[in-house]
**Q** 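The structure that follows is given in the form of structure tokens.
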Amino acid sequence: MDFRKEYLDLVLVPCGLLIMFAYHLILLYRYLNLPHTTIMGFENNDKRAWVERIMQADKRDIGTALSVISSNTSAATFLASISLTLSSLIGAWLGNSTNNVFQSKLIYGDTRPSTISIKYISLLTCFLLAFSCFVQSARHFVHTNYLISTPGGDIPVEFVERAVIKGSDFWSLGLRALYFAINLLPWFFGPIPMFVSSVVMVIMLHYLDSNSTPLHRYEAPPEEVVEKFPQLVVDVEHSVG
């Protein structure tokens, strides 16, 4: 049986996607079981400490906290808008059956209309998934705004931490969907560029997602020390006296 260039799409494209999925499964395992080895776990440690300080701060510092959360909300909303815009453009392009830009004979791979449609649908799925994740991220950050600005200050710190961490997790998922979309773009120029892009993407992400810096152990504020370890404070006072 003669080898045809269309067969490359059946081999290289699944291999490229398998490399990306395998890397993210390993990253997910490290994030859940060894969070200190990932940059997401490193950042979450700082975010938890930030939430604890904010919830114990004076009311004049709440404005700074709301400003930080609003910046994250604006960034998530902006990326959600970009993802939705790109999804609309791809949908309009897909609906125009007269486009044959990526059916050139110069592209070494499968250029049949059915394959081109699969490429568009795959790319559209990634952008729609990114849009959904960024919207959820903005929703959790907006909820954080309500929690931080609640009068009375009797909101449990765990509630705020959960909202901030979930917003960050959805933000990371949205970025991963964009990474997959970027990885699928070279597929329009053939399966070989797509496979090379997958390998390069995994190498870059491994460098960006890995963390070798030890987690900083934030010291508890004096008020928290007194509440959690009252006997320790009494012993120290006796020893000083």
**Q** For the hydrophobic clusters of this structure (ILVMFWY residues joined by side-chain heavy atoms under 4.5 Å, transitively), does one cluster hold both F170 and V164?
**A**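 Cluster IDs for F170 and V164 differ.
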**Q** Using a 4.5 Å cut-off on heavy atoms from C-beta on, say whether the side chain of I90 contacts that of L123.
**A**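 SC-SC contact between L123 and I90 confirmed.
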**Q** Compare every heavy atom of L185 with every heavy atom of F189, then report the nearest pair and how far apart it is.
**A**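 It is CD1-O, 3.9 Å.
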**Q** Under a 4.5 Å cut-off applied to non-hydrogen side-chain atoms, are T38 and D209 in contact?
**A**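 No, side chains not in contact.
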**Q** Is it true that, when you exclude Y23 itself, more than 12 heavy atoms of the residues, nucleotides or ligands shown sit nearer than 6.0 Å to its OH?
**A**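 More than 12 within 6.0 Å, yes.
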**Q** Using side-chain contact (heavy atoms from CB on, under 4.5 Å) as the criterion, point out the one residue from I155, V51, V160 that pairs with I148.
**A**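 Testing I148 for a side-chain contact (heavy atoms from CB on, under 4.5 Å) against I155, V51, V160 leaves exactly one candidate, V160.
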**Q** Start with the C-alpha distance between L17 and S198, add both sets of side-chain angles, then the distance that settles side chain to side chain contact (heavy atoms under 4.5 Å, CB included), and finish with yes or no.
**A** CA-CA 7 Å; L17 292 177; S198 300; 5.9 Å; no
**Q** Are the side chain of R30 and the backbone of T37 linked by a donor-acceptor contact shorter than 3.5 Å?
**A**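 At least one qualifying donor-acceptor pair exists.
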**Q** From L178 CG over to R176 CZ, what is the distance, rounded to the nearest 0.5 angstrom?
**A**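 Nearest 0.5 Å value for the CG-CZ distance: 11.0 Å.
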**Q** Check this for me: does any side-chain nitrogen of one of R162 and D169 sit under 4.0 Å from a carboxylate oxygen of the other?
**A**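 No.
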**Q** Counting distance only, does the side-chain N/O of N72 pair as donor-acceptor with the main-chain N or O of V68 below 3.5 Å?
**A**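 Confirmed, N72 side chain pairs with V68 backbone.
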**Q** Are the side chains of V196 and P186 in touch, meaning some heavy atoms are under 4.5 Å apart?
**A**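 A side-chain contact is absent here, since even the closest heavy-atom pair is not under 4.5 Å.
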**Q** Which of these, T125, L129, I82, L124, sits in a side-chain contact (heavy atoms from CB on, under 4.5 Å) with S87?
**A**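 Exactly one candidate clears the test, L124.
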**Q** Begin from the C-alpha positions of H36 and F42 and carry the test ring pair (Phe, Tyr, Trp, His ring centres under 6.0 Å) through to its verdict.
**A** CA-CA 6 Å; H36 62 281; F42 179 81; over 10 Å; no
**Q** In sequence, state the C-alpha distance, the side-chain angles, and the governing distance for F141 and S168, and then conclude on side chain to side chain contact (heavy atoms under 4.5 Å, CB included).
**A** CA-CA 9 Å; F141 286 135; S168 301; 4.2 Å; yes
**Q** Are any side-chain N or O atoms of S137 and backbone N or O atoms of C133, one a donor and one an acceptor, separated by less than 3.5 Å?
**A**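 Checking the backbone N and O of C133 against the side chain of S137, no donor-acceptor pair under 3.5 Å is found.
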**Q** Applying side chain to side chain contact (heavy atoms under 4.5 Å, CB included), run through V157 and E161 and close with a yes or a no.
**A** CA-CA 6 Å; V157 178; E161 286 183 0; 3.7 Å; yes
**Q** Do you reckon I192 sits in the same ILVMFWY cluster as I118, going by side-chain contacts under 4.5 Å, direct or chained?
**A**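 Cluster IDs for I192 and I118 match.
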**Q** Could you tell me whether the side chain of T77 reaches within less than 4.5 Å of the side chain of F134, counting heavy atoms only?
**A**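 The answer is no; the side chains never approach within 4.5 Å.
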**Q** Can you name the nearest heavy-atom pair linking L208 to I39, along with the distance?
**A**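 Heavy atoms only, the tightest pair is O-CG2, 3.6 Å.
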**Q** Tell me, please, which residues at least two apart from L18 pass side chain to side chain contact (heavy atoms under 4.5 Å, CB included).
**A**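 Here no residue qualifies.
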**Q** Please check if any side-chain donor atom of S197 sits under 3.5 Å from a side-chain acceptor atom of N183, or the reverse.
**A**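 There is such a pair (donor and acceptor under 3.5 Å, judged by atom type) between the side chains of S197 and N183.
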**Q** Between CD1 of I69 and CH2 of W50, what distance do you get to the nearest 0.5 Å?
**A**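 Going from the CD1 atom of I69 to the CH2 atom of W50 covers 4.0 Å.
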**Q** Distance alone, cut at 3.5 Å: any donor-acceptor contact between the side chains of D9 and W187?
**A**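 Distance-only check passes for D9 and W187.
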**Q** Report yes or no: does S210 contribute a side-chain atom to a donor-acceptor pair with the main-chain N or O of Y207 at less than 3.5 Å?
**A**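 No, the answer is negative, given that no donor and acceptor are paired below the 3.5 Å cut-off.
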**Q** Run the side chain to side chain donor-acceptor pair (under 3.5 Å) test against R139 and tell me which residues pass, sequence neighbours left out.
**A**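 Scan of R139 (side chain to side chain donor-acceptor pair (under 3.5 Å), adjacent residues dropped) gives Q136.
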**Q** Is it true that atom NE2 of H143 has more than 12 heavy atoms of other residues, nucleotides or ligands lying nearer than 6.0 Å?
**A**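 12 or below, so no.
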**Q** Are any side-chain N or O atoms of K166 and backbone N or O atoms of H140, one a donor and one an acceptor, separated by less than 3.5 Å?
**A**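 No; zero donor-acceptor contacts below 3.5 Å.
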**Q** Is there a side-chain contact between Y31 and S172 in this structure, where contact means two heavy atoms from C-beta onward sitting under 4.5 Å apart?
**A**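 Result no, sub-4.5 Å side-chain heavy-atom pair not found.
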**Q** Decide whether V199 and Y179 are clustered together by the hydrophobic rule: side chain heavy atoms of Ile, Leu, Val, Met, Phe, Trp, Tyr closer than 4.5 Å, transitively.
**A**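 Both belong to a single hydrophobic cluster.
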**Q** When rounded to the nearest 0.5 angstrom, what is the spacing between OG1 in T144 and CD1 in I54?
**A**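 Between T144 OG1 and I54 CD1, I get 12.0 Å after rounding to 0.5 Å.
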**Q** When you group the ILVMFWY residues by side-chain heavy-atom contacts below 4.5 Å and let the links chain together, are L86 and F180 in the same group?
**A**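 Yes, same cluster.
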**Q** Quick one: does N44's side chain get under 4.5 Å of K47's, heavy atoms only?
**A**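 The answer is yes, as the side chains (C-beta and beyond) meet within the 4.5 Å cut-off.
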**Q** So, taking the atom named SG in C15 and the one named CE in M194, what distance separates them when rounded to the nearest 0.5 Å?
**A**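 Separation between the atoms: 9.5 Å.
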**Q** Would F188 and Y120 count as a ring pair (Phe, Tyr, Trp, His ring centres under 6.0 Å) if you check the C-alpha gap in whole Å, the side-chain angles of each, and the deciding distance to 0.1 Å?
**A** CA-CA 9 Å; F188 287 93; Y120 281 123; 5.1 Å; yes
**Q** Could you report the tightest heavy-atom contact between I182 and M201, atom names first, then the distance?
**A**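 That would be CG2-CE, 3.9 Å.
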**Q** Taking all atoms of both residues into account, what is the closest heavy-atom pair of G190 and P193, and its distance?
**A**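 Looking at all heavy atoms of both residues, the shortest contact is O-CD, 3.2 Å.
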**Q** Grab the two heavy atoms, one from A130 and one from S83, that are nearest each other, plus how far apart they are.
**A**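 That closest heavy-atom pairing would be CB-OG, 3.8 Å.
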**Q** Is any side-chain heavy atom of V13 closer than 4.5 Å to a side-chain heavy atom of F195?
**A**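 They are not in side-chain contact.
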**Q** Nearest 0.5 Å, what's the OG1-CG distance between T213 and N45?
**A**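 That separation rounds to 11.5 Å.
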**Q** Determine, using the 4.5 Å side-chain heavy-atom cutoff (strictly less than), whether L34 and M40 are members of one ILVMFWY cluster.
**A**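 The answer is no; the residues belong to distinct hydrophobic clusters.
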**Q** To the nearest 0.5 Å, what is the distance between CD (E43) and CH2 (W171)?
**A**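 Reported to 0.5 Å precision, the distance equals 11.0 Å.
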